[in-house]
Amino acid sequence: MKTIVKSVKGTRDFYPDEMAKRQWIYGHLKTVSESFGYQQYDGPCLETLELYAAKSGEELVKEQSFVFNDRGGDLITLRPELTPSLARMIAEKQNELVFPARWWSYGPFWRYERPQRGRTREFFQWNIDLIGSDSVESDAELAAVACSFMRSVGLSPEQVKLRYNDRQLMDQAFSELGIDSESKSALLRLVDRIDKLPADVWEEKVLGLGLDQRQLTALKSLLADVNLWQRSERLVKFVSLMRSMGQVEYLEYDPRTIRGLDYYTGIVFEAYDVNQEFRAILGGGHYGNLVGDVGGDPLPGVGFAMGDVVVQLVLEHFGLIPDMKTETETIFVTVFDDQTNPESLRIASDLRLAGFKVVTALGTEKLGKQLKFADRIRASKALVIGPDELAKEEVMVKDLQTHSQSSVPRAQLVSFLRNE
RNA sequence: GUGCCUAUAGCUCAAUGGCAGAGUACUUCACUGUGGAUGAAGAUGUUGAGGGUUCGACCCCCUCUAGGCACCCCA
């Protein structure tokens, strides 16, 4: 085996077939974003470490970011998430932007993690935010955007669910259990992990926070209560709004949905496949103050992020990504010999001007080889222009799918191909 | 960063410590004006990398690299 220079661990090469899938997903999220009136934006891929130190803090920056010194000695970070960049961009123009602002973005991100299924070190992420509104209507709108995307790519409510919860509801419920405020945030993080830890280990950790046996029992019944949301006026309205927008069948209340990030302050949601065979497809929620940490005036909002890796796995699992290979509309123009080559090239140019995708043979190989090549690049049609056709001012049009062929007068070629 | 599993032809996988193979894909030909079929022939490997044990290693041991699964974290 030849030694080929290796790619960076956790990165992916997008060969044309993979690139087509990525573009297919991108096309859907772009259409959905725009259908709700959101505008596309982007920030730089390189940011100062400082930007993240202010906000994301904790592990995301310390352990899971690519950080390096540039030639001037400054610490530069490959962006692990977009929210801090968004916060800066909003804060810089806080007085001239129109709020609520509806913005979306799609681009590459990097996290220094151990690669595994659904997790790479370089990934693409869709970010979409509604900034400047504290209303439950804005929360519902973002949840509806998420559901619209899932519907548009063919994921049905029987296949995926949007699990939702409200952090304030949980906070209130914890208070009623007599849990002191210092333990609450640690407890929220534990609730987030209840499905990942063995039951006894989880209980041990909960008791370690200072809860007694009675509180633990009450907590467990709380986390099993699928009707808990009805105690929250906000969640009741949220569900009602989702019903009006025709997305309620995607909803599934889950008192254990919390989200790991600290900046969420209200409604949070995550999309999963129903069997939970895969990781979260997307996740987001309401935040009370987007720009405070980067020096702006307090500004609430709601947003979510979706990585390309998990959603593609889920889509492939359900067989929802169309076979792009069959969808090339390319016309292949064969070249019979050096005498006919100029006419082949002229025809190819005419067809391109008429809007067709045209590939020409680069030499005068045997027709059989040229047609085999046309077949292998999945061209839909092949044109044969030999001495016979030239003399009669005709072109032989071969349909590579139906195996049929017909002679078409040169002057009628464009209209003939358009009607096919 | 932790634990476990895996790595053989382009791809999918075989091979008791004793000659590295099959299917598929590929190239050529049958077919010098016609592609998916059929038949014939051909080519393909530092068995992931490096070291060790052994008369002898794809096979056993160690290290590294990459991937997978579970933690951690999250998209």
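Naming: A, B, ... by sequence-line order, numbering from 1 per chain. What's counted below: heavy atoms across the whole structure, side chains too, no hydrogens, waters or symmetry copies.
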* Asked: At under 4.0 Å between heavy atoms, what does A:D308 touch on the DNA or RNA strands: base, sugar-phosphate, or nothing?
  ->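 No contact at all - A:D308 keeps every heavy atom at 4.0 Å or more from the nucleic acid.
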* Base, sugar-phosphate, or nothing for A:T120, non-hydrogen atoms under 4.0 angstrom? ->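 Base contact - A:T120 has a heavy atom under 4.0 Å of at least one base atom.
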Return the nucleotide paired to [N]: Watson-Crick means purine N1 to pyrimidine N3 with N6-O4 or O6-N4, wobble means G-U with N1-O2 and O6-N3, both under 3.5 Å.
| N | result |
| --- | --- |
| B:C4 | B:G68 |
| B:A57 | none |
| B:U12 | B:A22 |
| B:G35 | none |
| B:U47 | none |

* Asked: Ignoring hydrogens and angles, are the base of B:U34 and the side chain of A:Q370 linked by a donor-acceptor pair under 3.5 Å?
  ->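 For A:Q370, whose side chain was compared with the base of B:U34, there is no donor-acceptor pair (under 3.5 Å).
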* Asked: Does any donor-acceptor pair link the side chain of A:E270 with the base of B:A75 at a separation under 3.5 Å?
  ->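 Counting by modelled atom types and ignoring angles, no donor-acceptor contact under 3.5 Å is found here.
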* side chain to side chain donor-acceptor pair (under 3.5 Å), paired with A:H286, selected from A:T265, A:D166, A:D134 ->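 Between A:H286 and the candidates, side chain to side chain donor-acceptor pair (under 3.5 Å) is satisfied uniquely by A:D134.
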Tell me which nucleotide among [options] gets nearest to the side chain of [X].
| X | options | value |
| --- | --- | --- |
| A:R279 | B:C73, B:U34, B:A75 | B:C73 |
| A:V384 | B:G33, B:A75, B:C73 | B:G33 |
| A:A280 | B:A75, B:C69, B:G35 | B:A75 |
| A:E389 | B:G33, B:G35, B:A75 | B:G33 |
| A:R189 | B:C73, B:G33, B:A75 | B:C73 |
| A:K9 | B:U34, B:A66, B:A75 | B:A66 |

* Asked: Can you check whether A:L51 reaches A:S85 side chain to side chain, under 4.5 Å on heavy atoms?
  ->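 Of all side-chain heavy-atom pairs linking A:S85 with A:L51, at least one is under 4.5 Å.
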* **A:Y164 vs A:Y253 side-chain heavy atoms within contact, under 4.5 Å** =>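 Yes, at least one pair of side-chain atoms sits under 4.5 Å.
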* Asked: With a distance cut-off below 6.0 Å to the six-membered ring centre and an angular limit of 45° from the axis, does A:R167 pair with A:Y264 as a cation-pi contact?
  ->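 Checked: cation-pi criterion not met.
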Taking atom types as modelled and ignoring hydrogens, do the side chains of [X] and [Y] form a donor-acceptor contact shorter than 3.5 angstrom?
| X | Y | answer |
| --- | --- | --- |
| A:Q339 | A:N341 | no |
| A:S148 | A:Q247 | yes |
| A:Q276 | A:R163 | yes |

* Between A:T11 and A:D192, name the one whose nearest nucleotide on RNA chain B is closer to the 5' end. =>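 So the residue in question is A:T11.
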Rounded to the nearest Å, what distance is computed from the [atom1] atom of residue [X] to the [atom2] atom of nucleotide [N]?
| X | N | atom1 | atom2 | answer |
| --- | --- | --- | --- | --- |
| A:R111 | B:C73 | CZ | P | 13 Å |
| A:H403 | B:G36 | NE2 | C1' | 6 Å |
| A:R79 | B:A75 | CZ | C1' | 13 Å |

If only side-chain N and O atoms of [X] are considered, is one of them under 4.0 Å from the OP1 or OP2 phosphate oxygen of [N]?
| X | N | result |
| --- | --- | --- |
| A:K398 | B:U34 | no |
| A:R114 | B:C71 | no |
| A:R117 | B:G68 | no |

* To do: For residues A:W103 and A:Y41, establish whether the separation of their ring centroids is below 6.0 Å.
  =>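 Yes, close enough.
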Taking the [atom1] atom in each of [N] and [M], what is the distance between them to the nearest angstrom?
| N | M | atom1 | result |
| --- | --- | --- | --- |
| B:A40 | B:G45 | P | 24 Å |
| B:A15 | B:U2 | P | 33 Å |
| B:C60 | B:G18 | P | 12 Å |

* To do: Carefully, step by step, assess A:H317 and A:F278 under the rule ring-ring contact (aromatic ring centres under 6.0 Å, His included).
  => CA-CA 10 Å; A:H317 176 254; A:F278 301 94; 5.3 Å; yes
* **Donor-acceptor under 3.5 Å (A:D254 side chain, A:R256 main chain)** =>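 Yes, A:D254 side chain to A:R256 backbone: donor-acceptor pair under 3.5 Å.
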* Is it true that a side-chain atom of A:R418 and a backbone atom of A:L413 form a donor plus acceptor pair closer than 3.5 Å? ->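 Side chain of A:R418 to backbone of A:L413, a donor-acceptor pair under 3.5 Å: no, none is there.
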Can you pull every protein N or O that's under 3.5 Å from an N or O on nucleotides 24-29 of chain B?
| residue | atom | partner | partner atom | Å |
| --- | --- | --- | --- | --- |
| B:U28 | OP1 | A:K369 | NZ | 2.5 |

* Asked: Which residues in residues 335-345 of chain A have at least one heavy atom lying under 4.0 Å from any atom of RNA chain B?
  ->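 Here the set is A:F336.
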